[in-house]
Amino acid sequence: MFKTLSGPVIAGLCALFASTFIAVTTEVAPVGLLIDMAKSFNITEGHAGLAVSAYALLVAFGAVPITIATSRMDRKMLMLVCLAGYVISNLISAMAPNFAIVCAGRALGGLSHALLMSMAAAYAAHLVPERMTGRAISFVFGGTSLGSVLGVPGAAAISHFASWRVALYVIAGLAALLTIFIALYLPPVRGADTKALKVPTIRSPQAARIFGVVIGVNAVFFFAHNLLYTYVSPLLLAHGLPEHLLSVALLITGGVSIFGLWGAGQVVDRWPAAGLFGGGLAMLTGMILVYGHLISAWPSVGAVGLWCMGYAAIIPFVMSGAIRARATSADVAGAAINSSSNFGILLGSAIGGHLLSTLGFAVLCPASVVIALGGILLAAFNPAAFPRRLQQD
């Protein structure tokens, strides 16, 4: 992809990649710090989990209104404000004298996340020719996979050798360095593009319907994934994986998800329907394999990796599909995807926790499979949202 792009555009895409990495690392890092944070404040691990829930809640409800409210503002300036928000968020949490202040710091991070992740796809689309939109989005959102791969185990490792506060200081430092890089190397959106960022109206009933389908497909897949993946650690332990190898297993399953994004990037601007079906099928297959005791230990890690790879592959298709629908501005389309993703995360983790506590994995796994199948069918029966083939210029 990079061969046909100018140096400044490549630098800009790399800056956006790094931004999504920082965003997701800030979001997921506390998962690896919960035990130490709970001990530090003398609270339960369930109580400490509020640091994660509050973040997702603010993104879910804040993404669309914040993006619309800032629609007339300079995109590059907003990127810098968001990154500064991550710096301050992590510093507040790292220095917090009590858990309430930790949650306040996390809330600020959630607001930054609500805007930055909504802008990232649209910003990438502005930097490249329209025929390369999907591939640019795939590359930029590769930072989310890298953040998922390194965020939890990286933060946990720093916390183990130093403390959870040091881990947050490190993330704040990385965000500060990226803020400087963005200021120097991210190309500003051209004046002609800025006009497209005004508060949008729905442009036609057909476009609105297609857009709604894409948002619905995204929410269903996020729901299905997080219903089970939130509890992947006990799932792998139940399949006989030794507890001391759990962090290695999670690193592997996160790492292979990058291949899903890479594969999606090869077909997202050509065959959206086939690509999304392939990602959904991989996700479905992996979930089926971890049901019951069909496989154990390391084969179950492979199955989770296959499912995560398929899940990661779906993201570029829904992102590019939302923008391609042209129902609203690219920024608001990204915000709607961002919001629906976090609603899926919230519902999945909450309902999954209830099912696991009351009925166990015997019900949780089939429920995830049925919901993922629903996402595949919803996409398959709406070819206008996910065309079989896109015309190449």
Side-chain angles (χ1 to χ4, degrees), residues 16 19-28 51-86 88-89 103 105-126 137 140-141 143-144 147-148 189 196-202 208 211-223 225-226 314-350:
L16 292 172
S19 297
T20 62
F21 168 77
I22 288 294
V24 171
T25 297
T26 299
E27 181 177 27
V28 304
V52 178
S53 301
Y55 193 104
L57 187 65
L58 280 168
V59 177
F61 285 99
V64 173
I66 291 173
T67 301
I68 292 177
T70 58
S71 61
R72 297 177 186 271
M73 298 175 67
D74 179 78
R75 304 288 94 184
K76 182 172 180 176
M77 184 199 72
L78 286 177
M79 291 292 293
L80 293 172
V81 169
C82 289
L83 287 167
Y86 285 126
I88 298 170
S89 167
C103 289
R106 294 287 296 166
L108 176 59
L111 292 175
S112 295
H113 192 98
L115 183 55
L116 186 142
M117 293 295 283
S118 300
M119 288 194 299
Y123 212 125
H126 286 314
I137 292 172
V140 166
F141 276 82
T144 64
S148 299
V189 173
L197 298 172
K198 295 179 180 178
V199 178
T201 56
I202 297 299
F211 184 64
V213 168
V214 174
I215 296 301
V217 168
N218 181 65
V220 169
F221 276 121
F222 265 79
F223 181 25
H225 174 74
N226 287 280
I314 289 168
I315 295 173
F317 293 102
V318 292
M319 272 291 187
S320 58
I323 293 174
R324 191 173 56 244
R326 292 187 173 87
T328 183
S329 75
D331 276 10
V332 174
I337 289 289
N338 194 12
S339 180
S340 64
S341 298
N342 279 273
F343 273 119
I345 292 170
L346 282 170
L347 288 175
S349 59

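Atoms CE and CG, from Met119 and Leu16 in turn, are 9.0 Å apart once rounded to the nearest 0.5 Å. Phe222 contributes atom CZ, which lies 9.0 Å from atom CD1 of Ile314 (distance to the nearest 0.5 angstrom). Rounded to the nearest 0.5 Å, atoms CD1 (Ile215) and OG (Ser339) are 8.5 Å apart. Taken to the nearest 0.5 Å, the CG atom of Leu78 stands 5.5 Å off from the CG atom of Leu115. With rounding to the nearest 0.5 angstrom, the CG atom of Asn226 is 5.0 Å from the CD1 atom of Ile345. Atom CZ of residue Phe61 and atom CD1 of residue Ile66 lie 12.5 Å apart, to the nearest 0.5 angstrom.
Summarising the geometry of Ala124 relative to Val140, their closest heavy-atom pair is CB-CG2, 3.7 Å, with the distance given to 0.1 Å. Annotation for Ala63 and Thr67: closest pair O-OG1, 2.6 Å, computed over non-hydrogen atoms.
By the 4.5 Å heavy-atom criterion applied to side chains, Leu58 and Leu108 are not counted as neighbours.
Of the residues Glu27, Arg106, His113, the one that meets the side-chain hydrogen bond (donor to acceptor under 3.5 Å, both in side chains) test with Tyr55 is His113.
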**Request:** Would you sort out whether Leu116 and Tyr86 count as a side chain to side chain contact (heavy atoms under 4.5 Å, CB included), showing the intermediate values?
**Result:** CA-CA 10 Å; Leu116 186 142; Tyr86 285 126; 4.0 Å; yes
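A ring-centre distance under 6.0 Å is not found for Phe343 and Phe223.
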